[in-house]
Amino acid sequence: MTAKPRATWLMLTCFGMILFLCIGQRHSFGLFLRPMSMDLGWERATFSFAIALQNLVWGVSQPLTGMLADRYGARRTFIAGGICYALGLYGMSQAGSGLQLAASAGLLVGVAQSCTGFGIVYGAVGKLVSAQQRGMALGIVGAFGSLGQFAMLPSNQALIGHLGWSHALLIGAGLCLLMAALAFGTPAGAGKPAASAGQSMRQALSQAFRHKGFLLLTLGFFACGFQLAFIATHLPAYLADQGLSPTVGVTALAIVALANILGTWLCGYFGEKISKKYLLAAIYGIRGIALAAYVLLPATPLTTYVFAAVMGLIWLGTVPLSNGVVGQIFGYQYISTLYGFVFLSHQLGSFLGVWLGGLLFDMTGSYQPVWVIAIGLSAVAAIISLPIDDRAVQARPVHV
């Protein structure tokens, strides 16, 4: 990268703050489940479906917004995403039915997250920095997202407690508009492919979907989405059902976010020194062990906080690693587009994790079946990560 150090840090800060607001607000949606459901007389499945739809829309739209960012640059997608995020939270604050909640929190916020989340931010940063700086830069930007989770959890909980959930969402809408302003601190052409690129987007996609390693990576990422979305959305309610104070749930998610600041940076750092696929397999394996131990032990503040700390260290570490594997195999010419399809699998998992959490709870009165599914998915993801062929392929035209 040719930019001066001060300009580089300013640019990374703007990218990071966009992720701070996007992921921070997303991590807080679980705090609204109980108060909104109780005030509006909804079953948990109603709220769960809207957040599940949000994850699904994010995933489905991510390849499309990735294509736009690869073609026209990331700045425009950030601006559009900030506006959509604000409109979605405003609509959520006014929702009086499950359909209105699905349209606002589900559709609008889902599209907004695809415009301002990891896929676009990491893709743009990956193209702007050198290979030697890439791991560190992605780790730094990812840490901003983790810091957003940590900072916005207690602030949203305080707003809900003092002003009510509706006003908390309105304030969140105002904050999300800042993403459109922060977009102007990023390079206008950030995310565009090089003018000399010799491969079309269609050819790149054809090559990727014929690559076994790409398909295995995509399948493994499903487990990550299922686990994280289920925990982020349902852990506060699960703990309240166990008779613990709501403060325990908020504190646990805050610990996840705090530990993830370090964890995301470490994964980005070690991803440049150790095989990324082996790190992914290790993360999935550790998650399975942590989930099983937590389910088998009594739910107390201590066990919850230890579980949150362990999960936090590996919470979003899969994101820079998965993005890095795609870039390592196919290069960064169409990274936002290709990673968008990998992330679609993640969000399909997120949809099922959130939705099944609410549905199976309403059917059985327990979250136990979903915990078991999450543990099983860890084992599968760890196993299929090991044979990924992560050697670079030649970016050559492919017959389609």
Side-chain angles (χ1 to χ4, degrees), residues 1 3-28 58 62 65-66 69 73-82 85-86 112-130 132-153 155-156 172 175-191 254 256-269 271-272 312-313 315-324 327 332 335-336 339 343:
M1 181 192 279
K4 295 180 180 179
R6 181 176 297 180
T8 300
W9 277 106
L10 177 61
M11 177 191 70
L12 291 178
T13 299
C14 288
F15 280 122
M17 285 304 300
I18 290 171
L19 209 55
F20 176 102
L21 293 167
C22 173
I23 304 303
Q25 186 61 51
R26 176 182 184 256
H27 197 62
S28 301
W58 183 359
Q62 188 67 77
T65 54
R75 179 185 288 181
R76 295 179 184 180
T77 65
F78 292 150
I79 295 171
Y85 221 135
Q113 288 170 346
S114 77
C115 292
T116 57
F118 294 108
I120 307 300
V121 172
Y122 277 5
V125 172
K127 293 176 184 179
L128 288 168
V129 300
S130 66
Q132 294 75 20
Q133 296 173 310
R134 191 170 291 133
M136 183 68 71
L138 294 180
I140 291 171
V141 171
F144 271 91
S146 304
L147 183 60
Q149 292 177 320
F150 175 71
M152 295 188 74
L153 270 169
S155 61
N156 272 315
L175 288 174
C176 284
L177 279 177
L178 292 176
M179 287 190 278
L182 288 165
F184 290 96
T186 65
V256 167
L258 183 61
N260 193 38
I261 298 173
L262 175 62
T264 302
W265 179 82
L266 286 174
C267 287
Y269 175 79
E272 298 302 320
L313 285 172
W315 187 257
L316 293 178
T318 56
V319 178
L321 293 174
S322 298
N323 185 278
Y332 280 79
I335 183 66
S336 294
Y339 181 72
F343 194 72

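Partners of Tyr85 according to the side chain to side chain donor-acceptor pair (under 3.5 Å) rule, which considers only residues two or more places apart in sequence or in another chain, are Gln113. Shown here are the side chain to side chain donor-acceptor pair (under 3.5 Å) partners of Trp58, two or more places apart in sequence or in another chain: Gln62. By the ring pair (Phe, Tyr, Trp, His ring centres under 6.0 Å) test, Phe144 is found to be paired with no residue, residues two or more places apart in sequence or in another chain being considered. Applying the side-chain contact (heavy atoms from CB on, under 4.5 Å) criterion to Leu313, with sequence neighbours excluded, gives Ala259, Leu262.
Residues Ser28 and Met152 come closest through the heavy atom pair OG-O, 3.5 Å. Residues Thr116 and Leu19 share a closest heavy-atom pair of O-CD1, 3.8 Å. When all heavy atoms of Ala137 and Val125 are compared, the pair lying nearest together is CB-CG1, 3.9 Å. Residues Pro187 and Leu128 approach most closely at CG-CD1, 4.0 Å, considering heavy atoms. Contact between Ala124 and Ala74 at its shortest, heavy atoms only, is CB-CB, 4.0 Å. Scanning all heavy atoms of the two residues, the minimum distance from Ala183 to Phe78 falls at CB-CB, 3.6 Å.
With rounding to the nearest 0.5 Å, the separation of CG in Asn260 from SG in Cys267 is 8.5 Å. Rounding to the nearest 0.5 angstrom, the gap separating the CD1 atom in Ile120 from the OG1 atom in Thr65 is 4.0 Å. Put simply, CG on Leu182 and CD1 on Ile79 are 11.0 Å apart, with the number rounded to the nearest 0.5 Å. The structure places CG of Leu266 at 12.0 Å from CD1 of Ile261, a figure rounded to the nearest 0.5 Å.
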**Message:** For Ile140 and Phe15: C-alpha separation, side-chain torsions, deciding distance, then whether side chain to side chain contact (heavy atoms under 4.5 Å, CB included) applies.
**Reply:** CA-CA 10 Å; Ile140 291 171; Phe15 280 122; over 6 Å; no
**Message:** Determine whether Phe118 and Ile23 satisfy the following criterion, side chain to side chain contact (heavy atoms under 4.5 Å, CB included), listing intermediate values before the conclusion.
**Reply:** CA-CA 9 Å; Phe118 294 108; Ile23 304 303; 3.6 Å; yes
Indicate every side-chain donor-acceptor pair of residues 316-324 with a distance under 3.5 Å to a residue at least two apart or in another chain.
unit_1, atom_1, unit_2, atom_2, d
Ser322, OG, Thr318, O, 2.7

